[in-house]
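For reference, the structure discussed in these notes is given below.
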2 protein chains.
Amino acid sequence: MSVIFSKKCEYGLQAILYLASKKDKQYFSAKEIASDLKIPKEFVSKILQSLVANGIIGSKKGKNGGFYLAKKPNKIKLIDIVEAIDGLDVFKSCVLGFPNCSSDVPCPVHSEWGKLRNMAYEMLSSQTIDRFVEKTLKKLSKL
Amino acid sequence: MSVIFSKKCEYGLQAILYLASKKDKQYFSAKEIASDLKIPKEFVSKILQSLVANGIIGSKKGKNGGFYLAKKPNKIKLIDIVEAIDGLDVFKSCVLGFPNCSSDVPCPVHSEWGKLRNMAYEMLSSQTIDRFVEKTLKKLSKL
DNA sequence: GCAAAACCAGATAATTTAGTCTGAATTAAA
DNA sequence: TTTAATTCAGACTAAATTATCTGGTTTTGC
C-alpha cells in the first residue's frame, strides 16, 4: 500500500469541491453529500465536523440545516484542506523514512525527491478551489 | 496521516541502498542491516524475504549467511523496489479517491496532479541505485 | 557430530486508520 | 407543540498496517 492522502483527506477534498460547485441551495446535508459522492455518510459526516472546527466550512443544525463554505472558493487553497486534515508532514518528512533528513544530513534521494515535493506543495498552495468548479460538476454528473 | 510509501517500502529502499553501498563482505544479515539502519529486525527481515521472492536480492541460509543484491546496482531502479513492495497503484489511481478517474472522466485535479505523478514516476524509473551509493554511505555514518 | 547463526514460514499482537452506531441538542415545518 | 431532519460528541467496531514471536530448516565452524 501507499497513499498520498488519507481517505479522510480524499473525502474531505471531494466534499469541499462538491460544496464549491453548488449554487442552488445554501445548506447541504451530510446525507446528500455522501449520497452524491457515493462515500460513507457517517464517515464524511465526521470529516465535515472537523472541517467546521477548522473554520473552512460552516454548519447549520436542525431541519434543512447542513454545511456550507465559510469562505469564498477563490480564498480556499487545496493545501488548506490537506493541512487541516492530514497536516503538512508529507511535505516535510523524509520519503525514505530516514530520521533527521535535512539538507545538512540528507537521505540518499533527498535532492531528487525534494524537487518533486516542492512542486506538489507549490501546486496545492497556488490552486484555489474555484478553479475546479466546472470540472467537479462534470465529474459529479458521471458518478 | 499521509504517506508516499508504506513503512515496508521505506525500509525496503533503505535496505537495498544499504546493500548497494557495501563492498567489504558478500552477505549481510538481517540483524546487522536492522542494527545499522536502526529499524526493527523482525520487520525488515520479513521485507527482505519478500524482496528475495521478487528476485531483487538473494539470500544465503545458515551461519555467516545473509542477503546480497541479485543484480548490479546500475541495473536496479528505485521504481523496481517500490513496485515489488507497494505496487504501482499510487501512480495509477486518483489522488482524490474518485472512482473511474481517467482522461475521459477526469477528477477535478486530474491534469494538475497527473503532471506531478508522471514526474515522480519518471524520476523513480530513471534513477538506478548505484547513483546513491556515496550519499548512502554519508547518511549511514550519521545514523 | 554438534552447536551457533542465519534464513524462512506462519501465527500472533499492537497500533493506526477507516467506518459505524447511539444518543443528545438544535432547528424548521407541519 | 410536536415531529422530523439535521449537526454533533463520543463510544464502539472493523480492517489494514506495522511489528513481534515461535519453531523449523539450512549451513558453517569447531
Side-chain angles (χ1 to χ4, degrees), chain A residues 1-15 19 25-70 82 85-87 89-90 93 96-97, chain B residues 1-15 19 25-70 85-87 89-90 93 97:
Chain A
M1 189 234 39
S2 54
V3 299
I4 304 290
F5 304 124
S6 67
K7 273 266 170 277
K8 269 188 193 172
C9 195
E10 289 181 2
Y11 292 162
L13 284 162
Q14 288 188 27
L19 288 176
K25 289 196 303 179
Q26 199 171 3
Y27 305 118
F28 293 85
S29 73
K31 191 180 171 185
E32 62 186 325
I33 296 175
S35 142
D36 284 356
L37 292 173
K38 296 181 178 44
I39 60 184
K41 168 179 175 293
E42 314 293 345
F43 194 32
V44 78
S45 178
K46 272 269 171 284
I47 297 163
L48 289 166
Q49 280 175 43
S50 79
L51 288 171
V52 169
N54 270 287
I56 294 176
I57 63 179
S59 68
K60 180 152 185 291
K61 290 183 188 176
K63 193 163 184 177
N64 295 333
F67 300 91
Y68 57 91
L69 292 184
V82 174
I85 300 179
D86 278 351
D89 274 6
V90 227
S93 57
L96 297 187
Chain B
M1 190 233 39
S2 55
V3 299
I4 304 292
F5 303 125
S6 67
K7 272 266 170 281
K8 271 188 191 172
C9 195
E10 290 181 2
Y11 292 162
L13 285 161
Q14 289 188 26
L19 288 175
K25 288 196 305 180
Q26 200 170 3
Y27 305 117
F28 293 85
S29 73
K31 190 179 171 185
E32 62 188 324
I33 296 174
S35 140
D36 284 357
L37 292 173
K38 296 182 177 43
I39 59 185
K41 169 180 175 293
E42 315 292 346
F43 195 33
V44 79
S45 178
K46 273 267 170 284
I47 297 163
L48 289 165
Q49 281 175 42
S50 79
L51 289 171
V52 169
N54 270 287
I56 294 176
I57 63 179
S59 68
K60 181 152 183 293
K61 289 183 188 177
K63 195 167 182 175
N64 295 332
F67 300 91
Y68 57 92
L69 291 185
I85 299 178
D86 278 351
D89 274 6
V90 226
S93 56

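In what follows, every chain begins at residue 1, and chains take the letters A, B, ... in the order their sequences are listed. As the structure is a computational prediction, the values presented were derived from the model and not from experiment.
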Along DNA chain D (nearest heavy atom to each residue), the more 5'-positioned of A:K46 and A:S2: A:K46
Contact nearer the 5' end of DNA chain D, comparing A:S59 with B:S6: A:S59
Residue pair [X] / [Y], side-chain heavy-atom distance below 4.5 Å:
X	Y	result
A:I85	A:I47	yes
B:V44	B:L37	no
A:L19	A:I33	yes

NZ/A:K31: more than 12 non-hydrogen atoms of other groups inside 6.0 Å: no
[X] has a side chain; which of [options] sits nearest to it?
X	options	answer
B:S29	C:dC7, C:dT26, C:dG19	C:dC7
B:E42	D:dC8, D:dC21, D:dT6	D:dC21
B:K63	C:dA4, C:dT27, C:dC8	C:dA4
A:A30	C:dA9, D:dT7, C:dT20	D:dT7
A:K60	D:dT20, C:dC8, C:dA28	C:dA28
B:N64	D:dG29, C:dC8, D:dA19	D:dG29
B:F67	D:dC8, C:dC7, C:dA18	C:dC7

Find the distance [X]:[atom1] to [N]:[atom2] and express it as a whole number of Å.
X	N	atom1	atom2	answer
B:F43	C:dT16	CZ	P	13 Å
A:K41	D:dC8	NZ	C1'	11 Å
A:Q49	C:dT26	CD	C1'	14 Å
A:I85	C:dA18	CD1	P	11 Å

Below 4.0 Å: OP1/OP2 of D:dA19 and any side-chain N or O of B:Y11: yes
Stepwise ring-ring contact (aromatic ring centres under 6.0 Å, His included) check, A:Y68 with A:Y27: CA-CA 6 Å; A:Y68 57 91; A:Y27 305 118; 5.7 Å; yes
